[in-house]
2 protein chains.
Amino acid sequence: MKISAQEEYGLRCLVQLASLNEGESVTLPQMAEREGISTANAGKLMWLLNKAGFVQSTRGTKGGYLLARPANEIRLSEIIKVLDEDVIDNHCGSYTGVLDICVHKGDCGIRPVLVGLHEIVENALSQITLAQLVGGERKVDAMFHSIQGIHRTLEANRV
Amino acid sequence: MKISAQEEYGLRCLVQLASLNEGESVTLPQMAEREGISTANAGKLMWLLNKAGFVQSTRGTKGGYLLARPANEIRLSEIIKVLDEDVIDNHCGSYTGVLDICVHKGDCGIRPVLVGLHEIVENALSQITLAQLVGGERKVDAMFHSIQGIHRTLEANRV
DNA sequence: GGAAATCGTTACTTTTTTGTCAAGATTGCA
DNA sequence: TGCAATCTTGACAAAAAAGTAACGATTTCC
């Protein structure tokens, strides 16, 4: 499985915006430099995120980008769905809907795996907000403890 | 996030082999037909899986492929690591090791997310074996219950 | 009003991933 | 032995993703 470049850098740019103080904004060249990508590339990402309503832009001198919604109301799952098709998708067709592209109409051997992965990833990402990725170890630790909880549950439910 | 074609079809082919009765084997054309891919493509996948020691092949008339190890000892996480780099990887560098490609050497804002996702996916996939994907609703249900367990744990540990 | 800074949009290029082909090697069987 | 079935391997072609470039539109400030 791969996290696409678009997902990764899009998310990173949003974290930058979430870290701004009241009234500040960031320009494309600044953003690009901080993430190690080209300005053109950052521009394309921000265009997507702007269309989707995550960021607000102003043109001209003193222009730039800032978040259009409060950072603690933006869930990572939403972001990923805008930057890519879904939190996880596969080659053969959406396994959350009807599987009609694939040859395995009724008896797809790996479908339970796809559905299961989709569910746990969607769950995890929908519980993390941009605000939680800003400033610090405390929040990161909390997230990690949640993940350790998952670990224990899987052990207990071992099939 | 995407599951690559190679991961998806490679896994499907192995499920076919896991479904065989004692003494049976499957040829490339059969395998390709059942998965809706070309023989050439199936050939390349099986070549990879053969090199990695998952399958055994015999050439000539009556030849074909079969599993080289018991289906209940082959974990999905192992398979995915052979068909792709890792259960999850990102553009910027392995987040299980040192992050040296990325501009964010010490303070990568999304690193906790990458590490967390890697952990829960690795965990889930390492607890599912090929044998569990063969023959039926009972095993699939059991797996699903495990996933529901994860769901509840996440709720309980909400950050 | 004009110049400079900035975003917006589309088209294009490069790279990576997928998929195909063809020639070779091995085996079984008549 | 020789033919047919089968896997093996490397080179090639097509498609998708990632990245770049160019030009247009808007805003600020002098």
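Below, chain A is the first sequence line, B the second, and so on; all start at residue 1.
Put simply, A/S38 has a side-chain N or O that comes within less than 4.0 Å of OP1 or OP2 on D/dT20. Within the structure, a side-chain polar atom (N or O) of B/S57 is placed less than 4.0 Å from OP1 or OP2 of D/dT8. When the side-chain nitrogen and oxygen atoms of B/Y9 are compared with OP1 and OP2 of C/dT17, none of them lie within a distance under 4.0 Å. Between B/K51 and D/dT9 there is no side-chain polar atom (N or O) within less than 4.0 angstrom of OP1 or OP2. Listed pair A/K2 / C/dT17 meets the phosphate criterion, a side-chain N or O lying under 4.0 Å from OP1 or OP2. Look at B/W47 and you'll find a side-chain N or O under 4.0 angstrom from OP1 or OP2 of D/dT9. Listed pair A/N50 / C/dG8 meets the phosphate criterion, a side-chain N or O lying under 4.0 Å from OP1 or OP2.
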Trace of the side-chain contact (heavy atoms from CB on, under 4.5 Å) decision for B/L48 with B/Q6: CA-CA 10 Å; B/L48 269 174; B/Q6 197 157 272; 3.6 Å; yes

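If you measure from atom CG of A/L45 to atom P of C/dC7, you get 13 Å, rounded to the nearest angstrom. A straight line from CG of B/D89 to C1' of D/dA17 spans 15 Å, rounded to a whole angstrom. As rounded to whole Å, 17 Å separates atom P of C/dT26 from atom CG of B/L28. Whole-Å rounding puts the A/I37 CD1 to D/dA17 P distance at 18 Å. Between the P atom of D/dT6 and the CD atom of B/E33 lies a distance of 14 Å, rounded to the nearest Å. Between the CE atom of A/M46 and the P atom of C/dG8 there is a distance of 9 Å, given to the nearest Å. Rounded to an integer number of Å, the gap from CG of B/L83 to P of C/dG19 is 13 Å. The CG atom of A/D84 sits 8 Å away from the P atom of D/dA18 (whole-angstrom rounding).
Connection of B/L66 to B/M31 is not established within any shared hydrophobic cluster, with ILVMFWY side chains joined at heavy-atom distances below 4.5 Å, either directly or through further cluster members. B/W47 and B/L83 fall into different hydrophobic clusters, where Ile, Leu, Val, Met, Phe, Trp and Tyr residues are linked whenever their side-chain heavy atoms come under 4.5 Å apart, directly or through other members.
With distances taken from any side-chain atom of B/K44 to the nucleotides C/dG28, D/dT20, D/dA11, the minimum falls on D/dA11. The side chain of B/T61 approaches C/dT27 more closely than any other nucleotide in the set C/dT20, C/dT27, D/dT8. For A/Q6, taking side-chain heavy atoms from C-beta onward, the closest of the listed nucleotides D/dC7, D/dA18, C/dG19 is D/dA18. Listed nucleotides: D/dA25, C/dT27, D/dA21. Nearest to the side chain of A/R59: D/dA25.
Residues B/L17 and B/Y65 approach most closely at CD2-O, 3.7 Å, considering heavy atoms.
Looking only at side-chain heavy atoms (C-beta outward), A/D89 and B/I3 stay at 4.5 Å or farther from each other. A heavy-atom distance below 4.5 Å is not found between the side chains of A/M1 and B/V87.
Across all strands, B/T39 comes closer than 4.0 Å to no nucleic acid atom at all (heavy-atom distances). Counting any heavy atom pair closer than 4.0 Å across all strands shown, B/G43 reaches no nucleic acid atom. B/V26 comes within 4.0 angstrom of sugar-phosphate atoms only, judged by non-hydrogen atoms across all strands, and of no base. Looking at heavy-atom distances under 4.0 Å, A/A40 makes contact with a base.
The residue among B/N41 and A/G60 whose nearest nucleotide of DNA chain C lies closer to the 5′ end is A/G60.
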